[in-house]
Amino acid sequence: MIKPTLASLLLSSTLAGCAPRVINVAAPRADTSAQSPPGMSVSGSATLEVSPDTADITMTIDVEAEKPGMATNLALAKQTAIADAMKKVGVAAKEIRLSTVNLGPHYEWDKVDSRNVLQGYRASITITATTTQFDRVPAMLDAGSTNGATSLSAQFRRSDISELKKRVRTMALTAARDKAELSAKALGIELGAVTSVSENQGGWLWTSSYFPTNTTANASGTAEAPVGSDQALGGVGQPLSLNVAVTYDLSQS
């Protein structure tokens with residue numbers, strides 16, 4: 001039994017000699033020459049106080065009749081009457097536009113039979129009259145309410161709001177650039193390329209051309225807020241502001 005034992009010892013010795021060796025490799029040192037160049041961040045702000053220059057008077061006409069055609073004709077007749085009344089108070093025909101037209105059956109629940117019973121048809125028309133003369137708004141509301149409008153609302157907006165947004169953005173970016181150039185000159189450094197620009201918008205008018213407070217009126221023409229007042233106009237003005245942050249590379253020369 002000596003030979004098998006020697007064979008076993010030789011095999012164990014051979015396997016032990018073939019065990020893998022672990023070699024630790026040090027991590028490469030950071031190349032400091034590849035680091036980002038130094039930069040400078042500056043901010044710029046701009047604000048415009050914006051007042052409304054246009055009023056939209058939206059009027060809804062609701063009519064019910066036994067037949068669809070009758071309901072439609074009655075609604076159209078009231079629409080014509082309102083349009084004629086608007087022209088008499090100084091609103092041009094091109095400033096009166098049709099917004100929506102709806103026609104559908106009108107049902108009411110019958111408790112005795114426990115079912116919906118057709119009562120007729122309801123026609124609904126919405127028209128909008130626009131003016132830049134705010135002193136005409138009360139007369140426009142009267143004209144609508146006395147000629148068949150069941151509900152009215154006045155919304156005030158700025159017609160050139162997109163141009164004002166461009167203007168306030170240019171103002172904020174110019175302020176940031178001027179600040180960067182002044183700082184660079186005072187520090188004796190040179191500005192490189194712009195690497196990032198971010199902005200923070202402020203004010204209701206960034207998301208809507210309409211001012212936040214509406215004037216509404218019922219069929220009698222009674223307004224919830226005095227037309228032409230600060231409350232009705234959403235205040236004397238609404239701020240349109242923008243803050244920007246601009247980052248520049250600093251020249252290595």
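If you chain together hydrophobic residues whose side chains sit under 4.5 Å apart, I189 and L182 never meet in one group.
Distance check: F211 CZ to R157 CZ gives 11.0 Å after rounding to the nearest 0.5 Å. Atom CG in L48 sits 13.0 Å away from atom CD in Q238 (nearest 0.5 Å). The distance from atom CG of L191 to atom OG of S183, rounded to the nearest 0.5 Å, is 8.5 Å. In this structure, CD on Q79 lies 4.5 Å from CD1 on I125, to the nearest 0.5 angstrom. Between L242 atom CG and R169 atom CZ the span is 6.0 Å, to the nearest 0.5 Å.
Atom CD of E181 sits in a crowded spot, with more than 12 heavy atoms from other residues, nucleotides or ligands closer than 6.0 Å.
A donor-acceptor pair is defined here as one N or O able to donate and one able to accept, closer than 3.5 Å; no such pair exists between the side chain of S208 and the backbone of L205. In this structure, the side chain of R136 does not engage the main chain of T131 through any donor-acceptor pair within 3.5 Å. Between the side chain of S241 and the backbone N or O of G202, at least one donor-acceptor pair lies under 3.5 Å. Distance alone, capped at 3.5 Å, places no donor-acceptor pair between the R158 side chain and the D53 backbone. A donor-acceptor contact shorter than 3.5 Å is absent between the side chain of K87 and the backbone of A93.
Shortest non-hydrogen contact noted between V168 and L240 is CG2-O, 3.5 Å. Nearest heavy atoms, P239 versus E49: CB-OE2, 3.7 Å. Between A71 and A123 the shortest heavy-atom distance is O-CB, 3.5 Å.
Here the options are D62, T60, N102, the test is side-chain hydrogen bond (donor to acceptor under 3.5 Å, both in side chains), and the partner is S124; only D62 passes.
Residues T128 and D56 bring no donor and acceptor atom of their side chains to less than 3.5 Å of each other. Using modelled atom types, one finds a donor on one side chain and an acceptor on the other under 3.5 Å when comparing T247 with S196.
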Check the pair V91, I57 against side-chain contact (heavy atoms from CB on, under 4.5 Å), reporting the backbone distance first and the verdict last.
CA-CA 11 Å; V91 181; I57 312 301; over 6 Å; no

For N243 and S43: C-alpha separation, side-chain torsions, deciding distance, then whether side-chain contact (heavy atoms from CB on, under 4.5 Å) applies.
CA-CA 7 Å; N243 298 320; S43 61; over 6 Å; no

Run the side chain to side chain donor-acceptor pair (under 3.5 Å) check on S99 and T126 step by step: do they pass?
CA-CA 5 Å; S99 299; T126 301; over 6 Å; no

Test log, rule side-chain contact (heavy atoms from CB on, under 4.5 Å), inputs R177 and Y248
CA-CA 10 Å; R177 184 195 62 197; Y248 290 86; 3.8 Å; yes

Derivation and outcome, side-chain contact (heavy atoms from CB on, under 4.5 Å), residues Q119 and V117
CA-CA 6 Å; Q119 301 296 314; V117 178; 3.7 Å; yes

